[in-house]
Structures are given as structure tokens and as C-alpha cells.
Participant: 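After the C-alpha cells below, expect a handful of questions from me.
Throughout, protein chains are lettered first and strands after them, A, B, ... in sequence-line order, and every chain is numbered starting at 1.
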There are 2 protein chains.
Amino acid sequence: MSRATSIDVAVEAGVSQATVARAFSRPELVAEGTRRRVEEAADRLGYRPNAIARSLKSSRTNIVGAIVPASGEFWLRVLAALSAELADRGRQLLLFSFDDAEAVDDVIAAVDQYRLDGLIMASTSIAQQQVVRVAPTGLPIVAFNQPAVAGLVPSVSVDNAAGGATVAEHLVARDCRDVLFVGGVESASTDQLRYAGAARALGAYGVACPYLSAGAFSYDAGHAIAAELLARGPLPDGLMVAADEVAFGLIDGLEAAGVAVPDDVLVTGFDGLPQAAWAGYDLTTLVQPVDALASAAVDRLLTDAAPDADGVVPGTLRIGRSTTPAGLVVENSSSPDRAER
Amino acid sequence: MSRATSIDVAVEAGVSQATVARAFSRPELVAEGTRRRVEEAADRLGYRPNAIARSLKSSRTNIVGAIVPASGEFWLRVLAALSAELADRGRQLLLFSFDDAEAVDDVIAAVDQYRLDGLIMASTSIAQQQVVRVAPTGLPIVAFNQPAVAGLVPSVSVDNAAGGATVAEHLVARDCRDVLFVGGVESASTDQLRYAGAARALGAYGVACPYLSAGAFSYDAGHAIAAELLARGPLPDGLMVAADEVAFGLIDGLEAAGVAVPDDVLVTGFDGLPQAAWAGYDLTTLVQPVDALASAAVDRLLTDAAPDADGVVPGTLRIGRSTTPAGLVVENSSSPDRAER
DNA sequence: TGACCGGATGAGTACGTATTCATAGTGTTC
DNA sequence: GAACACTATGAATACGTACTCATCCGGTCA
């Protein structure tokens, strides 16, 4: 007793299969009474149009693929946002998560088989050449937070450079004269842009900004780099970290070594994870507008945007205790640095 | 210039379409030389089998659906684990996330259309009747961490009752004589089981264990309930919270009010989120073996397990600072309560 | 040498839908 | 009342694959 088909419904309702198909896909072409009879018959048989067969005919699946790294709080948040956004537009999300960059090739092969309506590539570690290989297949693509491929395929990302600058200026406003940028993965374009934005902004104030890589965008990497930082000599005034998760690890690593944040050193993050607002850290960070980014990405995907359509969405600075030493008096406590942006 | 089909390849290779199809689906039936010729022709044309058409014929999509709540750190972790597990078995994951329980009906309708190979329902807020409605369609289902439907459909979950007991016994071992259980959503079966396990275990020691609901499984709910707790009168020795995320909020709420954890009150969580291990909280919690759970769920799904096949996987206690007051001397600091389980 | 067997391949069909084309029916206009 | 426009419907086909069945061919055995 398998699923009822449109033919079963046609027999039940005493009409042709074509009429059943029309009743579901273009109801305005079917007479009122007929349509009701078809609907009743369909209800009785528990009929649902078979999306697979429909896709075969129409060559549109209503499914959008998303390639997303398998770990990291930020990506998981992005995933939820994309899923919600697609659901709003009647699409489904086929998830491809991957651990290491090599697996991306397998994923791309799979994507190809499913004739998806589009593909969102969300990762900093997908190589440029891998993206390029997909592009000619005619599959609409959008790169998510992967500014390196901007120009090759439509992309959407937060304004990393401006965000880096915003955070840097905040540190200057908090009297930092000596800042160290702690990056995640040096080759990641987001890392580079955030650093470039920060270095330029700090340069305008005559503040130098060396770069140090933690080696990964993870809590553990941040925790591990703390020791190296302390071994290097005296701490700078401010540590500007390229990602919240790394910053959490770094803060914990520092405090385990007896260094207090923000009393001994100011720390900032980047991403605006929910945990940044949790009192345990209360981290100053650049909040990525995940929902807006997801919305923009889906937009570009479904309207088949031009390859050079780069959507850059501004982030917002969240100021927390991690850059607010106990002694500091701030005029407007809710958002003291609002004017900076 | 659309995609090449098996017919195009057949022409190019000078064989029939049937041979091309065989070369890809059952290569052992095709002679060595022919197969090579087909493969070369396919490469030249960039041919990939169309999974949609294959599904139509074989009525197997190789796609498994997952209905997962749109928020909550725990669910996101589950999602990543499921995706990885399915990828290992050559399946894809079609994601359906939902905000409110009503949306589940829409999701189920969508699921039905895609003729998925299986469906994983991961949520405590999916009503029993909704699950039951899906069951008769013949679609293999597995309920994930939703013990309420055990017996109706195959289910997989952590041993909530035993976990609750384990945590409770740990609190007793830490000299708690007065414990309050802070639940998330009272109607959630996970909540009930964890509470029941805890209450039974505590009862054996003559320790009472009242129940208080935070109203949601969220940081904010935990934060908000802190005030109510303090207004109720003197704090108990230990607060046993039904979920890590709630516990984080509760701890922050308490500390904002000047109550120190663990010095003034011990706090435990449940789930074992990565953040529990972060030094900011260092929470004692029952770690759910997410990967093992995901693996078990996929297993049951693909082998079409019996409806009464209930997979209950044990969790492990993680002991953190949140139940280790400064004065306490512990014999084996790495895992002092290992014997408890 | 003829019957037979097994492997390799081709012709044809089915999966369930959407859509094109043809046709029957119903008014409408001069 | 005939020619016409228009709506509602049915018959037939295509989407791309997998699989059944039939065919062919070289080798084997009596």
C-alpha cells in the first residue's frame, strides 16, 4: 500500500490525471466544482504531490544546498538563520557539513547530482579554486562570509574591514596605545580583512598593531595562545581577537594565569555570539547581523545575482565589561561609544 | 546548454543508454573495456547521474529529513552530529527547523512531498499526536531525545532518569541536604524524566527535591528565574538545573544579585555543552554523548527498527567548579565521583 | 556438430508529474 | 442560425534513470 498518485486521485474523482495535476499546480484553470471534487478525492486517499516527480519535470527542486563547517558556534547560528529564511520562501535546506577542506570536493559532487536550485557556500576554508569549479555548472551560488571570492561569485558578508576599524577605534577610545591582533587562521580572508581594517584605523592614531595567529577559530586555540602571549613579555593594553570563540578561550587562559580582564588587559571579540552577552564574559564584540546576512544571501541566490554583486552588511559594536575597567566612568552607560561609528 | 544525460553519454560512447546506466549503478555487469569507454565519454561531457530521476525510479532518495528546533546550542550540536553521521553513510540531510510547534504541521506536509528515506524528529516540543500522524505513512521515523513517544516510534535518547540520579547523587556527595530542581518546560518529557530520576535518588537519602519551572530551555529563562528564586526565601544547598543553557543564565542571574557559585550555592546543569567546560562557568553537568546518540539514531532509521526499539544511551558526569567550593578537598581531582555511576 | 549456457548488451518500459495540443461544450455576436 | 471566442477538460508526451526482458555471441559439453 504505497502512496496515492495523481492517477489514483483522477480515478477516484472521475476526472483525468491532467485535471488533478492542474488542480494542484494551477487551480485557477480548473472549474470550481471539479476542483472541489478533486480535493475531496485527494483527501480521501491521502494524496500529496510527489516533489521528486515534479522536480524531474520542471527541473526545479525547491531545495537549496548549504555547505557549512561542522563546528563552531557561529556557523551553527548561521545555519539556523539560513534555514528559517529559506523556509519562509518555500525552499528546503539540504545540509552539507564538512570537517576538513578536502571533504568539500565530495560534497560538491553530491550537490551536482541533486540538481539543487542554488548553493550557499559558507566557510572561510573553502578554497577559491573549489568555488570556481562549481561556478560553470550553471548552479546559482552565493558565498557567505567568504570575501576572498568576491567578484567571482555573488557574495554576502559582514563589513569585516569596517568592523575591524570600529573595534579598533573603540580600543583607542578606551585609551589603548598598544594593541595586539590575535587572528584565527592567517589565510582566512575574514581574518585578513578584520586585521587590515584594524591596522589602518589604529595607524591613524599612531598605534601599532602586530598580528599573531592562534591557528584556528576555536576556544582551545584561544586558550592555548594565552600562554604564548604571556611568554612573549609584557602584555599590550588591548587584545583584539578575530573571533568571539577564540576570545573566550583567550580570556579563560589569561585568567587561569592570573591575568584579569579587563583590569590588566582589554579584550575584544568579533562575531557577536549569544554567549558574548552572557555575564560570564560580557565581551565587547562586533555583532554580525546573522539574520540580515542570511536574508541577503538567500535573496541573491533566488534572484540569480551577478557575480560581482557583493553584499556587504554593516555590523554593530556591542560594548561589554571586557573593555570597561572598573575605574572607568562612562557618560552613557547603555552605549557609551555610540558616536564612534 | 543544460546538463548531459545518460543518453548523451551513450551516443558519445557508442553504446546504449542502458549500458551507461549500468556502468554507473552496477559496474560489475559491464565489460571492462565498455566501462572504460563509457567513463571516458562521461568525463568528456561532464556527466553526473541525476539523483532526482534515479529517485523517481527507485523511490529512494538517499535523503533523510531532520526536524530540529531553530534555536538552542544543544540542538545545533545535535544537528552537526547527525549531518556528519549521515554523510558517512552516503545520505544527505534535509533540514527542517521550526520556531514554534505549530509550524511542525507545515514541515510534516513538506516532508511528505519529498519522499524522504527517513525522518529524525528531534525536539521535546513536537506533540505526540503530530508524531503519530506521520507514523502511518510508512516513512521510517526516529524520535531523538523525545522519550514521550517511546513505544510509538523507535526512539533514541540519553538516559535522562539515570542522568538525573547521577547528578543528584553527586550533589548529595557534595553534602547537599536541600536541593531545588529548576526545570525548563514542565511538559517536556526530558524534563520530567530528569526530575523523576533526581527525586527518586534524593529520596533515598531523605532529601526532598521540589520542582520549579523556568518556563523555557534558554539562557534568558534561567536568568529571569534567579530573581524569583531569591524572592522565595533562603536558597537551598544545591540547584539542579534541567539544561546547561538555563544553568548559565541562572548562574549569571545569581551572581548579578551577589550570590556566588559555588560558594553560596552549588549548581548543576544537564547536556554537557562545550561551553560548560569553559572556565567562565566550569559547570558540573551530565554530558550527553551527542555523537553516539546521532549514530544510534541514524542506525535505527536506516535499519527500519521496530517501534518499540528504544535506544537509551548513558551519559557521563562532568564535574566542574560549580559544585566544588573552594574549601573542598577532593581525593581524585580529575574525576572525583567516578565511582558514583 | 548441435544443443546449451552464461555473459554482455540493446530495446522497451515504468516511475509520477506538468504541460502542450486537441476537443467538446457554452455562450455571444451579427 | 452560423461563425466565433473562450473555458474546461482529456489524450499524449517528456523529464532521466533503472530494470526487465529479449537477443546475440563465444565457448563448452555430449
Participant: Taking the side chain as every heavy atom from C-beta outward, state whether F217(B) and T190(B) have any atom pair closer than 4.5 Å.
Facilitator: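 Side-chain contact under 4.5 Å: yes.
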Participant: Calculate the interatomic distance between D112(A) atom CG and dG16(D) atom P; express it in whole Å.
Facilitator: 14 Å
Participant: Of the nucleotides dC15(C), dA18(D), dT9(D), which one has an atom closest to the side chain of V30(A)?
Facilitator: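 Of the options given, the side chain of V30(A) lies nearest dT9(D).
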Participant: Base, sugar-phosphate, or nothing: which does V20(A) touch, judged by heavy atoms less than 4.0 Å apart?
Facilitator: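 Result for V20(A) = nothing.
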Participant: Give a yes-or-no answer on whether the side chains of T61(A) and D117(A) include a donor-acceptor pair shorter than 3.5 Å.
Facilitator: yes
Participant: Under 4.0 Å, counting only non-hydrogen atoms across every strand here, what does T5(A) touch: a base, just sugar-phosphate, or nothing?
Facilitator: sugar-phosphate
Participant: Using OP1 and OP2 only, check whether a side-chain N or O of T19(B) sits under 4.0 Å from dG10(C).
Facilitator: yes
Participant: Among dA11(D), dA18(C), dA18(D), which is the nearest nucleotide to the side chain of S16(A)?
Facilitator: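 Minimum distance to the S16(A) side chain belongs to dA11(D).
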Participant: Using whole Å, what does the distance between atom C1' of nucleotide dT13(D) and atom CG of L56(A) come to?
Facilitator: 13 Å
Participant: Starting the side chain at C-beta, find the nucleotide from dT17(C), dA14(C), dG10(C) nearest to K57(A).
Facilitator: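 Side chain of K57(A) sits closest to dT17(C).
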Participant: Between E39(B) and R36(B), is the closest basic N to carboxylate O distance under 4.0 Å?
Facilitator: no
Participant: In this structure, how many angstroms lie between the P atom of dT7(D) and the CZ atom of R22(A), rounded?
Facilitator: 14 Å
Participant: Give a yes or no on whether a donor-acceptor pair under 3.5 Å exists between the nucleobase atoms of dA8(C), that is its base, and the side chain of E28(B).
Facilitator: no
Participant: Is the shortest side-chain N/O distance from S58(A) to OP1 or OP2 of dA18(C) below 4.0 Å?
Facilitator: no
Participant: Can a donor-acceptor pair under 3.5 Å be found between the side-chain atoms of Q17(B) and the base atoms of dA18(D)?
Facilitator: yes
Participant: Taking the minimum atom-to-atom distance to the side chain of T34(A), which one of dT17(D), dT9(D), dG16(C) wins?
Facilitator: dT9(D)
Participant: Can you see if the side chain of Y114(A) gets near the phosphate of dG16(D) - specifically, an N or O under 4.0 Å from OP1 or OP2?
Facilitator: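 Looking at the OP1 and OP2 atoms of dG16(D), neither is under 4.0 Å from any side-chain N or O of Y114(A).
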Participant: Please report the distance, rounded to the nearest Å, between CZ in R3(B) and P in dC15(D).
Facilitator: 17 Å
Participant: Rounded to the nearest angstrom, tell me the gap between atom CD1 in I52(A) and atom P in dA18(D).
Facilitator: 14 Å
Participant: How many Å lie between CZ on R35(B) and P on dT9(C), as a whole number?
Facilitator: 10 Å
Participant: Do the side-chain N and O atoms of S83(B) and S97(A) include a donor-acceptor pair separated by under 3.5 angstrom?
Facilitator: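 The answer is yes; a qualifying pair exists.
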Participant: Rounded to the nearest angstrom, tell me the gap between atom CZ in R60(A) and atom P in dC15(D).
Facilitator: 18 Å
Participant: dC15(D) phosphate, OP1 or OP2: any side-chain N/O from S59(A) under 4.0 angstrom?
Facilitator: no
Participant: May I ask you to decide whether E85(A) forms a salt bridge with R89(A), counting only side-chain N to carboxylate O separations under 4.0 Å?
Facilitator: yes
Participant: Between D112(B) and R3(A), does any NZ, NE, NH1 or NH2 come within less than 4.0 Å of an OD or OE carboxylate oxygen?
Facilitator: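 A salt bridge is present here (some side-chain N lies under 4.0 Å from a carboxylate O).
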Participant: Which residue lies toward the 5' end of DNA chain C, A31(B) or R115(B), if each is placed at its nearest nucleotide?
Facilitator: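 Here A31(B) is the residue nearer the 5' end.
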Participant: Rounded off to whole Å, could you give me the CZ-to-C1' distance for the F24(A) and dT17(C) pair?
Facilitator: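 So the CZ-C1' distance, F24(A) to dT17(C), works out to 12 Å.
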